[in-house]
Each structure stands twice: as structure tokens, then as C-alpha cells.
2 protein chains.
Amino acid sequence: MHTDLDATFAALADPTRRAILARLATGEATVTELAAPFAMSQPAVSKHLRVLERAGLVSRGRDAQRRPCRLEAGPLREATTWLAGYRDHWAESYQRLDALLDELRSTDQADQAGSRGGGAR
Amino acid sequence: MHTDLDATFAALADPTRRAILARLATGEATVTELAAPFAMSQPAVSKHLRVLERAGLVSRGRDAQRRPCRLEAGPLREATTWLAGYRDHWAESYQRLDALLDELRSTDQADQAGSRGGGAR
DNA sequence: ACGGTATATAACCCTCCGGTTTGATAACCA
DNA sequence: TGGTTATCAAACCGGAGGGTTATATACCGT
């Protein structure tokens, strides 16, 4: 379980991969679809997908040549469960973090790039 | 903003650093105290602390020669806020998460005075 | 069977990371 | 003043990470 969190957090530490996850939150997508928005080669994106897959954050099916990617949110839940262990500390330091969090809530949307309305906002 | 999450998740991706945070959750500690449980040199631990400090997860005071470390949970909250954007996806496949979600939701409402939509499920 | 599309693999860069050992800095204690 | 304690800084090393280009693989459509 060490290792799970290791892989999960490491996978989330890259903005390209977080953007891929945000895109996948809107539904399945192929590798080329996922690669399109980025200014990098297709193999680079494939590597990112491999990292996400190894972390269990993405699974892939098969549709002819295409290999559609799907979000697997299990590891995200595990990560959140781990973070929840520090909830009390957020609360302690909350008052002086108030401003920061307000700012964060607005900038949050940019990073989540259209990842459906349901969540944090 | 990307960079914050980059540094935060990258810092959390190492089990030694997570252990350090867990230790600091119980109160301040000096570098040597933090280094004691680990089978690695003190400079290695200092390096980990620097990573945590750069990520804003740890701050340090000064007590004579000692440089006590203190947990700063702000980035953890930031990370959780990001993860919360995927709440709906966890919920799809994991009903046993209800307890955690309820707990988180009630905290959010208390802390943020309903600024966040309660619409998740 | 052929050409095009979608994706993976290989080989190769360069940088960053986690660890080491050694030596420097700074503050206490006598 | 000298010695001890606590911590940092520098130099180094092996390996992993993120990127590239070029090439192979697999499947479709005709």
C-alpha cells in the first residue's frame, strides 16, 4: 500500500497527466484524442498513459486499432482517504488559509479544465 | 495552479516523506528526531525536509542549534480540493465510501459555508 | 494485397532525484 | 578557548523521468 500511494501521487505530480485525467473524467478517449491538446509527441503521451495505467488510474479497452482509455478513480479515492487523515490539521490552520483557499477555488477551474460541474466548485 | 500541485504531489510520492509528515502530525520535531527511525543518513533526511519545505508542507523555526519542523497542512487541503473534483467517479463504483464522503461533505459545508455545491450524488 | 491510421517500442538525450561521504557552520557547555 | 551537538552544503553516483526521433506492429478499408 506504500507502493500504491507512491505510484498514485507520483502519477498525479505531472500537469500533463492531471490534464489527461481531467479529460478522461468527461468520458473515454483514444490516445490520439488525448494527445491532441498537448504540444508533445504521441509517444510522450503514450508514456504518460503508461504511468497512469501502472498506477491504476487508467484502464484501456480495445476497439480495432484504437485503444480507448477510461478513468479508474479507485486510486484517487485511496489518496483522498490518506489525505483525510490530516483533516484536523487543515481545520487548525484553516483561518489563515482562508484567503489562499478562496483564491484556490477560482484557479482550480483552470486546472480541472472542464471536468464536469459536480465536484469542487 | 499547476506548480503547487506538482510540488505537493511529488512530495507526497515518497514513503519517507509521508512518514515524516505522519510523525509531524503528532507535533513538532527536530531533524535528528525525524531522522532517527530511518535507515538513512541525516543529510538524506534533510534533503527530504527541503523537498517538503519547498512544497510548503513543512515550516521550520529555530531553537538554538535545533531547527524544529512543523507540519503545514495547507497544501494537503489544496490536494484534497483537487481530488474532490473526482468525487463523482469514486462514488460510481464504491458505495462503501459513503461514510468518508459524508464526513468530508459536512466538513466542507462547515468550513466553507456552503460555497461549494453539495451536488455530489 | 495495399496503403493509411492508431499505437507501441527502441534507442537515445538531459535533467532531476534519492542516496552516499566529507567537510563546513553555528550554537551550546565547560 | 576548546569540544560537542545539530544541521547544512558540496561533490559525487546510479537510476528513474520526461522528452525526442525513427521504426515496428496491428488493424481497417478498398
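Just so we're clear, the structure is a prediction, and the values are computed from it rather than from any experiment. Protein chains get the first letters and strands the later ones, always in sequence-line order, with residue 1 at the start of each.
The base of dG17(D) is not paired with the side chain of Lys47(A) by any donor and acceptor separated by under 3.5 Å.
Distance CD (Gln42(A)) to P (dA22(D)): 14 Å, rounded to an integer number of Å. Between Leu34(A) atom CG and dA8(C) atom C1' there is a gap of 15 Å when expressed in whole angstrom units. Atom-to-atom, CZ of Arg60(A) to C1' of dA6(C) comes out at 11 Å; the value is rounded to the nearest Å. What separates CE of Met40(A) from P of dG18(D) is a distance of 10 Å, to the nearest Å. Between Arg50(B) atom CZ and dC8(D) atom P there is a gap of 9 Å when expressed in whole angstrom units. In this structure, His48(B) places its NE2 atom 12 Å from C1' of dT20(C), rounding to the nearest Å. Rounded to whole angstrom, the span from the CG atom of Asp14(B) across to the C1' atom of dG15(D) amounts to 15 Å. Nucleotide dA6(C) holds its P atom 9 Å from the CD atom of Glu33(A), rounded to whole Å.
Summarising the geometry, atom CG belonging to Leu52(A) is positioned 11.5 Å from atom CZ belonging to Arg18(A); distances are rounded to the nearest 0.5 Å. To the nearest 0.5 Å, the span separating CD on Glu53(B) from NE2 on His48(B) amounts to 14.5 Å. Atom CG of Leu24(A) and atom OG of Ser59(A) lie 9.5 Å apart (nearest 0.5 Å). Going from atom CG of Leu34(B) over to atom OG1 of Thr16(B) covers 11.5 Å, rounded to the nearest 0.5 Å. Note that the CZ atom of Arg77(B) and the OG1 atom of Thr8(B) stand 14.0 Å from one another [nearest 0.5 Å]. Remark: Leu21(B) CG to Leu83(A) CG distance equals 10.0 Å, nearest 0.5 Å.
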Using atom names, set out every protein N or O paired with an N or O of nucleotides 27-29 of chain D below 3.5 Å, distance rounded to 0.1 Å.
| unit_1 | atom_1 | unit_2 | atom_2 | d |
| --- | --- | --- | --- | --- |
| dC27(D) | O2 | Gln65(A) | NE2 | 3.4 |
| dC28(D) | O4' | Gln65(A) | NE2 | 2.6 |

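Listed in residue order, the members of residues 51-58 of chain A having a heavy atom less than 4.0 Å from DNA chain D come to none.
Here Ser46(B) does not reach the OP1 or OP2 of dT7(D): none of its side-chain N or O atoms lies under 4.0 Å away. Contact between the side-chain N/O atoms of Arg66(A) and the OP1/OP2 oxygens of dA8(C) is not found at any separation under 4.0 Å. Put simply, Arg17(A) has a side-chain N or O that comes within less than 4.0 Å of OP1 or OP2 on dG18(D).
For Arg66(A), the salt bridge (charged side-chain N to carboxylate O under 4.0 Å, His left out) partners two or more places apart in sequence, or in a different chain, are Asp63(A).
Considering all non-hydrogen atoms of both residues, Arg17(B) and Ala10(B) come closest at NH2-O, 3.2 Å.
Ser41(A) comes within contact range of at least one nucleobase, with a heavy-atom separation under 4.0 Å. Residue Thr32(B) is in sugar-phosphate contact alone, with no base atom involved, counting any heavy-atom pair closer than 4.0 Å across all strands shown.
Ring geometry, Phe9(A) versus Phe9(B): the interplanar angle falls under 30°, so the pair is classed parallel (tilted spans 30 to 60°).
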